[in-house]
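The chains referred to below are lettered A, B, ... by the order of the sequence lines, with proteins before strands, and numbering in each begins at 1. Atoms considered below: every heavy atom in the structure, side chains included; atoms not considered: hydrogens, waters and symmetry mates.
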Number of protein chains: 2
Amino acid sequence: MDIVLSKNEEDYLKALFQITVESNMGVAGTNQLALNLCVSPASVNGMIKKLRSKKLVKSERYGKLEMTSQGKTIAIQLVRKHRLWETFLYQYLDFSWDEVHEVAEQLEHIKSDKLIKQLNSFLGNPDSDPHGDPIPDETGNFSKKSKKNLAQIEEGKSCTVVSVKDASVAFLQMVSKLGIGLQTEIMVKNHHEFDASRTLLIGEQEHQVSLKFAENVFVKERV
Amino acid sequence: MDIVLSKNEEDYLKALFQITVESNMGVAGTNQLALNLCVSPASVNGMIKKLRSKKLVKSERYGKLEMTSQGKTIAIQLVRKHRLWETFLYQYLDFSWDEVHEVAEQLEHIKSDKLIKQLNSFLGNPDSDPHGDPIPDETGNFSKKSKKNLAQIEEGKSCTVVSVKDASVAFLQMVSKLGIGLQTEIMVKNHHEFDASRTLLIGEQEHQVSLKFAENVFVKERV
DNA sequence: AATATTTATTAGGCGAACCTAACTTATTAT
DNA sequence: ATAATAAGTTAGGTTCGCCTAATAAATATT
Ligand SMILES: [Mn+2]
Ligand SMILES: [Mn+2]
Ligand SMILES: [Mn+2]
Ligand SMILES: [Mn+2]
């Protein structure tokens, strides 16, 4: 009863999960998934056939892709592994936010139940990863929030930057001009009623940013 | 200049290193390597062709296999990674002696220089793994401890276990069932002429083991 | 030296995962 | 409703790593 999947099958399942379930779309198309995985639509088509025959994905010819509950269960465990590894790399091996993902992408495929169980204990059963994303528990439950965008932070509260939504050069230039980097601590001083802009305290400096800007910066609340 | 090898190429190189250099044979044959890797001689032949073209193995048609110094360098780093991971699993994740190998066999293929550098620091730059085998340093140096195997110990002499051959799970399970671990003291009571088996005194308990078993346990003589 | 045995290589094929190019079906715009 | 575009599928080909069966070379035995 213990299905063993290849690294590739796992990556497809996880990607499909993230663009359907995690983003609340429920379904996705071949091209979307192909784009996400940097692979041709034809390749996705072939893999989907296989996953369908393994009862992990459900869809009909020319129809949208959906995951079966078994498929979701497997995908969630991959997400769990990925985020536990990111946490380990970040907390114990001095990796920075932007370095953890690539390595976790490999580590998530290591086959060993004991490994992930013990890693979780070692890390103290963490509930979110270095990007502020929630870590599912052994049974697959996980809170859908934890990661917020800067615009959602209330007046007077502090947070640290964990990632950015938009990676365009224009946006990133603006980000760095403000002295914002990953791990930067930001205190939200005011929400301005007129245009919903925010006054931020970054280090000693105050900056005013638009709502649109704030929505593109992901943060983790300080507790 | 930075060669990227597949998991399989890596496994072939490491195995070849271990049956040639680590056992002082210097060379090996196709069949030997095939046996070691649980693969057909034909498969070894194909892979050797590729490794030869990459200048990692040197040999002529129908000749014995030898590694180039570049091949050895890569293999040594794989051995290093393998043993560092074993150490991590053993010391931090509550893995037992016989469980570490299988998982390290996967972890050794993770591609990240920073990962192994940081893992080494985290572990405090260890010089031997849970099986007592030496861990090469970043530059590839490592002490080739002269280990004796248990079968070479004379009647009436005592010794302590320093390592075991990285062999099958079955063997390692048998080892731990007898209460043997690193540093375990063993007194060799008798050599039995009939089948070359040995009677050992381990703690208060006497156990009889086969020659084959004794040859797979490495020890250091008591002085 | 001739023969038997072991060891290494080649030939031919298979499955996984990828690709491009051509095609079919579905959706959107006119 | 028709035509244009987008999305999904199929066909045919590549590379990688594996296999078995047949063959060739090296080594050991008589
Ligand atoms: Mn992955
Ligand atoms: Mn993450
Ligand atoms: Mn391996
Ligand atoms: Mn070991």
Side-chain angles (χ1 to χ4, degrees), chain A residues 3-16 19-20 23 25-67 71 74-75 78 105-106 108-111, chain B residues 3-17 19-20 23 25-67 71 74-75 78 105-106 108-109 111:
Chain A
I3 296 184
V4 175
L5 301 176
S6 72
K7 175 200 170 293
N8 296 292
E9 291 170 321
E10 289 186 343
D11 279 335
Y12 275 86
L13 271 187
K14 184 161 70 88
L16 185 55
I19 62 181
T20 58
S23 66
M25 279 193 285
V27 294
T30 304
N31 285 6
Q32 247 169 109
L33 192 47
L35 210 67
N36 195 288
L37 288 162
C38 299
V39 132
S40 74
S43 299
V44 169
N45 205 265
M47 183 58 91
I48 287 297
K49 265 185 187 161
K50 209 191 335 171
L51 294 175
R52 197 159 39 200
S53 81
K54 292 187 177 186
K55 300 269 161 63
L56 302 173
V57 168
K58 54 186 169 194
S59 61
E60 287 164 28
R61 256 182 99 204
Y62 293 101
K64 290 292 174 186
L65 310 174
E66 235 173 312
M67 304 187 78
I74 293 172
L78 286 165
E105 201 55 54
Q106 300 176 58
E108 70 193 2
H109 303 291
I110 304 291
K111 260 79 179 177
Chain B
I3 296 184
V4 175
L5 301 176
S6 71
K7 175 199 170 293
N8 295 293
E9 290 171 320
E10 289 186 343
D11 279 334
Y12 275 86
L13 271 187
K14 184 162 69 85
L16 185 55
F17 179 80
I19 62 181
T20 59
S23 67
M25 279 194 284
V27 294
T30 305
N31 285 5
Q32 246 169 111
L33 192 48
L35 210 67
N36 196 289
L37 289 162
C38 299
V39 132
S40 74
S43 299
V44 169
N45 205 265
M47 182 59 92
I48 288 297
K49 264 184 186 162
K50 208 189 338 168
L51 294 175
R52 197 160 38 201
S53 82
K54 292 187 177 186
K55 301 266 161 64
L56 303 173
V57 168
K58 55 186 168 195
S59 62
E60 287 164 27
R61 258 183 92 197
Y62 293 101
K64 290 293 173 185
L65 309 174
E66 232 173 314
M67 304 187 78
I74 294 172
L78 285 165
E105 200 55 52
Q106 299 176 59
E108 71 193 1
H109 303 292
K111 260 80 178 176

- Task: Count the heavy atoms of every other residue, nucleotide or ligand shown that sit under 6.0 Å from NZ of B:Lys111, and state whether that count exceeds 12.
- Result: yes

- Test A:Leu65 against A:Thr20 for side chain to side chain contact (heavy atoms under 4.5 Å, CB included), laying out the working first. CA-CA 9 Å; A:Leu65 310 174; A:Thr20 58; over 6 Å; no

- Query: In whole angstroms, how far is the C1' atom of D:dA26 from the CG atom of B:Asn31?
  - Reply: 12 Å

- Task: Would you indicate whether the side-chain heavy atoms of B:Gln32 and B:Val44 approach each other to under 4.5 Å?
- Result: no

- Task: May I ask you to test the A:Met67-A:Leu51 pair for a side-chain heavy-atom distance under 4.5 Å?
- Result: no

- Taking only N and O in the side chain of B:Ser40, is any of them less than 4.0 Å away from OP1 or OP2 of D:dC18? no

- Task: Whole angstrom is fine here: how far is it from OH in A:Tyr62 over to C1' in C:dT27?
- Result: 14 Å

- When you look at NZ of B:Lys7, are more than 12 heavy atoms from neighbouring residues, nucleotides or ligands closer to it than 6.0 Å? yes

- Distance check: side-chain N/O of B:Lys7 vs OP1/OP2 of D:dC16, anything under 4.0 Å? no

- Query: In whole angstroms, how far is the P atom of D:dT10 from the CD1 atom of A:Ile48?
  - Reply: 13 Å

- Query: Is any side-chain N or O of A:Tyr12 closer than 4.0 Å to OP1 or OP2 of C:dC18?
  - Reply: yes

- Query: Taking CG from B:Leu16 and P from C:dA8, how many angstroms apart are they, rounded to a whole number?
  - Reply: 12 Å

- Could you check whether B:Val44 gets within reach of a base, just the sugar-phosphate, or nothing at all, counting any heavy atom under 4.0 Å? nothing

- Closer than 4.0 Å, any side-chain N/O of B:Arg61 to the OP1 or OP2 of D:dA26? no

- If only side-chain N and O atoms of A:Asn8 are considered, is one of them under 4.0 Å from the OP1 or OP2 phosphate oxygen of C:dA16? no

- Item | Atom-to-atom span, NZ of A:Lys49 to C1' of C:dG15 - whole angstrom | 15 Å

- Message: Distance check needed: D:dC16 P versus B:Asn45 CG, whole Å only.
- Response: 16 Å

- Note on the structure: Atom CG of B:Leu33 and atom P of C:dT7 are separated, to the nearest Å, by 14 Å

- Message: With a cut-off of less than 4.0 Å, is there a side-chain N or O of B:Lys64 near OP1 or OP2 of C:dA8?
- Response: yes

- Query: Is any side-chain N or O of B:Thr30 closer than 4.0 Å to OP1 or OP2 of C:dT7?
  - Reply: no

- Message: Rounded to whole Å, please give me the gap between CG in B:Leu37 and P in D:dC16.
- Response: 19 Å

- Message: Can you tell me which nucleotide in D:dA11, D:dA7, C:dT10 comes closest to the side chain of A:Ala42?
- Response: D:dA11

